[in-house]
Amino acid sequence: MKKISNKVAAMVLTAALGTASLPFATMTAHAASSAISSPLTAQEIQGAVSELARLGVMQGYADRSMGAHNQINRAELAKMIVKTFNLEGKAQTPAKLTDIQPNSWAYKYASELVGLGIMQAEDGQFNPTGTVTDAELVQIVSKALNRDTKSVNYWMERFYSGNQTASRGEVAFLLKTAHKAIPSEKAKITSVQSLNAITLIVTFDAPLTAEDEVFAKAKADFVFNDGLTLTNMPRLKTGSMATYIVPTSVQTAGTTYNLTYKGNKAGTFTGNATKLQMNESRQVTNDTFELESLRSDNVTDYGYVISAYSAGRGENAYVLDQNNRANGTTYQIISSMQARQVTITPAGGEPIVAKYVPFTQSTDGKQEPKFRLPEGQVLTPGVTYTVTSDWATIKNPTFVAEEIAPVEITEAEALSDTSIAITLAEDPGDELFSGRSVELTAENGEKLLATYKYSSRKGAVGIFDLQQNGSLAESTTYTVTPVGEWAGDSQAELTVE
């Protein structure tokens, strides 16, 4: 059931009529019998309705009322969605609908959204007078805005009730919010805050376009003094309008940094001395180790709180508010580990710089970024190693290296002329394929190199792409062997028909 509050008086605006395909008398009689109370205040609903009316998104009935507490129907919603997100003419092939007259005001809006895949019309049946549940509303707005459903859910959490029907006022409240989340190539920075030694929280007046989020473009747009640089693309926080987690190289504590964005002065901040709290270091393979962090220590990986990863993280994903709080707890955020490195020192030996292994930051629901020794180096069994970092404090930084049996390649299969699937004897349980390569040797001695395709692992199987424009030859058998010692001396045969 929806939360109940005092009924709000009908609001009157002089907007033009927007009716469904049914005769108006039928439409108003239906609406009058389906009023919905809402936990939103009268002021909130009136403000939202007035704003959408000003934008030309929401119109009233013939009696000049806005029907804010009436159930919204699918035709009304279609028009409001198209108008809010400027979707007119965006469908390459607008859908043909059979239950709305082509000359009806609703036809072009419904046809547009079905053509875009934002709303459905099975066998051409759009059901224009059907009601819309809150759960359906989340999906529709998410698709229209190209934004994650968790963010949309967060924006409507005060009135969300799953399978309960949505009112016009509630839809107006949501769309007023969502309208602020439309990306803009003219977005400007409104605030910048240093969260920790490698992370900024940057808020814009509108979200960035996909083009402006691309790392190469963002790195050119974000300019700092004193050698500070972006280390990966900015990531939009789940639930926010336009607040980004921005990873930087390690800041020098106390240094005053000036940020210029697209050539314009955008803010000043002081280099942060706060290091991330990591729990312990742990060996993973003979050349790879990991640093564990724990949510119980109030540390979260950025992958769980950004819009781009929300769907893939499932129940692990959540929303941090503007103060980086959730459920009464303030979290420190681990931003992207791209280009990060740490120092690992054997007892009585020289320090070794180990680099982050891509896409191992929070795989399998664990906050355990992995680091690998330089090519050809391995951990010596029985030796104690200590890991240190200029961006993290590690509670238990030492471990004694062990001899860990390498993974074993058991099968290789051609997927195309340029890609092969490699199967291990067992699921490694993490992205331990990451950064690995195999060599394919043909019967005539010709050699090809294939490198793991990031994030392609499915259980014990990972995809490897041929490098240097290599291509598999027909009617040829290849011997597939690991490059380096990551899979020992195991090998597999691959025959191309």
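Every value quoted in this text rests on a predicted model; they were computed, and no experiment measured them.
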Would you say that [X] contacts [Y] through its side chain, given a criterion of any heavy-atom pair below 4.5 Å between the two side chains?
| X | Y | value |
| --- | --- | --- |
| R436 | T451 | no |
| L276 | T393 | no |
| K237 | N324 | yes |
| I245 | T199 | yes |

If only atom types and distance count, is the side chain of [X] paired as donor or acceptor with the main-chain N or O of [Y] below 3.5 Å?
| X | Y | answer |
| --- | --- | --- |
| S490 | G488 | no |
| S161 | Q164 | no |
| T203 | S191 | no |
| T360 | V357 | yes |
| Q367 | V299 | yes |
| K275 | S389 | yes |
| E136 | T133 | yes |
| Q361 | S335 | yes |
| T270 | T256 | no |
| T209 | D212 | yes |

Below 6.0 angstrom between ring centroids: does that apply to [X] and [Y]?
| X | Y | value |
| --- | --- | --- |
| Y261 | F222 | yes |
| Y331 | Y302 | no |
| Y385 | F289 | no |

Identify all side-chain donor-acceptor contacts of residues 398-410 below 3.5 Å with residues at least two apart in sequence or on another chain.
unit_1 : atom_1 : unit_2 : atom_2 : d
E403   : OE2    : N286   : ND2    : 3.3
T410   : OG1    : T423   : O      : 3.2

>> Determine whether N196 and Q332 satisfy the following criterion, side chain to side chain donor-acceptor pair (under 3.5 Å), listing intermediate values before the conclusion.
In response: CA-CA 8 Å; N196 56 54; Q332 193 57 257; 2.8 Å; yes

> Taking everything shown except K366 itself, do over 12 heavy atoms lie less than 6.0 Å from its NZ?
Replying inline: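 Open: at most 12 neighbouring heavy atoms sit under 6.0 Å from NZ of K366.
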
>> Within the supplied structure, the quantity of interest is the number of heavy atoms (other residues, nucleotides, ligands) at a distance under 6.0 Å from K355 NZ; does it exceed 12?
In response: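 Atom NZ in K355 is not crowded, with 12 or fewer foreign heavy atoms closer than 6.0 Å.
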
> After noting the C-alpha distance and the side-chain angles of D297 and K395, does the key distance pass the side chain to side chain contact (heavy atoms under 4.5 Å, CB included) rule?
Replying inline: CA-CA 11 Å; D297 289 334; K395 186 185 301 183; 4.0 Å; yes

>> Is there a ring pair (Phe, Tyr, Trp, His ring centres under 6.0 Å) between Y257 and F224? Walk through the geometry before answering.
In response: CA-CA 6 Å; Y257 291 102; F224 307 89; 7.1 Å; no

> How long is the gap from CD1 on I352 to CD on Q341, to the nearest 0.5 Å?
Replying inline: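 Those atoms lie 13.0 Å apart.
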
> To the nearest 0.5 Å, what is the distance between CD (E443) and OG (S475)?
Replying inline: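 Those atoms lie 10.0 Å apart.
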
In a table with atom names and distances, give each donor-acceptor pair under 3.5 Å that connects a side chain of residues 478-487 to protein atoms at least two apart or in another chain.
unit_1 : atom_1 : unit_2 : atom_2 : d
Y478   : OH     : A473   : N      : 2.9
W486   : NE1    : S437   : O      : 3.1
W486   : NE1    : V483   : O      : 3.4

Could [X] and [Y] be called an ion pair, given the rule that one side-chain N must be under 4.0 Å from one carboxylate O?
| X | Y | value |
| --- | --- | --- |
| R282 | E292 | yes |
| R235 | D148 | no |
| E88 | K90 | no |
| K370 | D430 | yes |

> Do R313's NZ or CZ and the ring of Y304 fall within the cation-pi criteria of under 6.0 Å and 45°?
Replying inline: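 Ring-cation test returns yes.
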
> If you look at every heavy atom in S281 and L291, which pair is closest and at what distance?
Replying inline: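 Nearest pair, atom of S281 first, then L291: CB-CD2, 3.7 Å.
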
Side-chain donor-acceptor pairs under 3.5 Å in residues 171-178, sequence neighbours left out?
unit_1 : atom_1 : unit_2 : atom_2 : d
T177   : OG1    : F173   : O      : 3.2

> Going through the checks in order, is the ring pair (Phe, Tyr, Trp, His ring centres under 6.0 Å) test met by Y454 and F433?
Replying inline: CA-CA 8 Å; Y454 290 127; F433 278 125; over 10 Å; no

